[in-house]
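Below is one structure; the comments refer to it alone.
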Amino acid sequence: VPIYCFGSTQIMRRLHVPWLETLSNWLRVSLCLFYGAGGLPLPFRQRLLYVMGEPIDCSSSSNSASTMKNGGVDLNRQIDQLHEQFCNSLQRLFDRHKEAYGWGHKTLKIISR
């Protein structure tokens with residue numbers, strides 16, 4: 001079920017530390033320092049809006065014996081199709097409800113492989 005939460009990116013702030021970003025890139029691990037209200041790890045007060053989409057039908061991909069043939073190629077293809085359906089549904093959810101949250105000027109960018 002695709003779900004998007006408007007405002008979740010506003011409940012904490014990230015402290016930009018250049019050397020930590022360099023270290024993070026070097027280690028290939030995401031390292032960040034964040035803070036909230038009063039400089040503590042407490043979230044800022046922020047109105048959140050959760051929107052839910054329609055469930056994605058996965059029943060056609062539930063037969064694992066037939067999907068594992070060809071070295072899992074069929075399974076990977078089905079996973080890619082379901083991922084694309086999920087991303088498209090999430091994009092539609094965002095576009096449909098962004099005005100209600102006051103984010104009419106924003107766009108959602110989904111980064112895939």
Side-chain angles (χ1 to χ4, degrees):
V1 176
I3 300 173
Y4 190 85
C5 177
F6 288 91
S8 62
T9 58
Q10 305 298 314
I11 61 175
M12 291 289 195
R13 304 288 186 271
R14 187 171 75 97
L15 188 62
H16 296 281
V17 181
W19 65 266
L20 187 60
E21 292 177 16
T22 303
L23 179 63
S24 180
N25 288 334
W26 185 73
L27 293 174
R28 299 181 53 94
V29 174
S30 181
L31 302 172
C32 67
L33 298 175
F34 61 92
Y35 63 94
L40 300 171
L42 300 172
F44 291 106
R45 292 181 59 104
Q46 179 67 35
R47 181 176 67 96
L48 301 176
L49 172 64
Y50 288 87
V51 292
M52 296 176 60
E54 295 294 322
I56 295 174
D57 183 22
C58 299
S59 61
S60 63
S61 59
S62 61
N63 189 353
S64 61
S66 66
T67 58
M68 286 306 291
K69 63 184 176 188
N70 300 329
V73 171
D74 292 339
L75 179 62
N76 288 337
R77 186 179 307 120
Q78 287 181 348
I79 290 170
D80 289 342
Q81 289 171 349
L82 289 171
H83 180 253
E84 184 177 349
Q85 286 177 351
F86 178 82
C87 290
N88 290 340
S89 182
L90 196 62
Q91 185 71 54
R92 283 192 303 273
L93 266 179
F94 181 85
D95 291 338
R96 186 179 315 134
H97 297 282
K98 66 182 180 179
E99 292 285 341
Y101 193 73
W103 282 5
H105 62 287
K106 294 194 177 202
T107 58
L108 177 66
K109 181 178 180 181
I110 299 175
I111 302 171
S112 296
R113 313 182 224 175

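Hydrophobic clustering (ILVMFWY, side-chain heavy atoms < 4.5 Å, transitive): Leu93 and Val1 are in distinct clusters. Both Leu15 and Leu27 belong to a common hydrophobic cluster when Ile, Leu, Val, Met, Phe, Trp and Tyr are linked at side-chain heavy-atom distances under 4.5 angstrom. By the criterion of side-chain heavy atoms lying less than 4.5 angstrom apart, applied directly or through intervening Ile, Leu, Val, Met, Phe, Trp or Tyr residues, Ile56 is grouped together with Leu108 in one hydrophobic cluster.
Between the side chain of Ser24 and the backbone N or O of Val29, at least one donor-acceptor pair lies under 3.5 Å. In this structure a side-chain-to-backbone donor-acceptor pair under 3.5 Å is present from Lys98 to Lys106. For the pair Tyr101 (side chain) and Arg47 (backbone), a donor-acceptor distance under 3.5 Å is present.
Under a 4.0 Å N-O distance rule, the pair Asp74/Arg77 qualifies as a salt bridge.
Atom SG of residue Cys5 and atom CD of residue Gln46 lie 9.5 Å apart, to the nearest 0.5 angstrom. One distance of note links SG of Cys58 with CD of Gln85; it measures 7.5 Å at 0.5 Å rounding. To the nearest 0.5 angstrom, Tyr4 atom OH is 14.5 Å from Arg96 atom CZ. Between atom CG of residue Leu31 and atom CH2 of residue Trp19 there is a gap of 9.0 Å, rounded to the nearest 0.5 Å. With rounding to the nearest 0.5 Å, the separation of CH2 in Trp103 from CG in Leu49 is 9.5 Å. Distance CD/Glu54 to CZ/Arg92: 10.0 Å, rounded to 0.5 Å.
Figure legend: cation-pi geometry between Arg13 and Phe34 absent, as NZ or CZ is not positioned both under 6.0 Å from the six-membered ring centre and within 45° of its axis.
Crowding of Glu84 atom CD: a count of heavy atoms from other residues, nucleotides or ligands under 6.0 Å not exceeding 12.
In terms of the ring-ring contact (aromatic ring centres under 6.0 Å, His included) criterion, Tyr35 has no residue partners (sequence neighbours excluded).
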Original post:
Does the pair Leu48 and Ile11 meet the rule for a side-chain contact (heavy atoms from CB on, under 4.5 Å), with working shown?
Top reply: CA-CA 9 Å; Leu48 301 176; Ile11 61 175; 4.2 Å; yes

Original post:
Can Val17 and Leu33 be said to form a side-chain contact (heavy atoms from CB on, under 4.5 Å), step by step?
Top reply: CA-CA 8 Å; Val17 181; Leu33 298 175; 4.2 Å; yes

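The shortest side-chain heavy-atom distance between Thr22 and Leu20 does not fall under the 4.5 Å cut-off.
Shown here for Ile3 and Leu90, the closest heavy-atom pair between the two residues is O-CD1, 3.6 Å.
For an aromatic pair to be called close, the ring centres must be under 6.0 Å apart, and Phe6 with Phe94 satisfies this.
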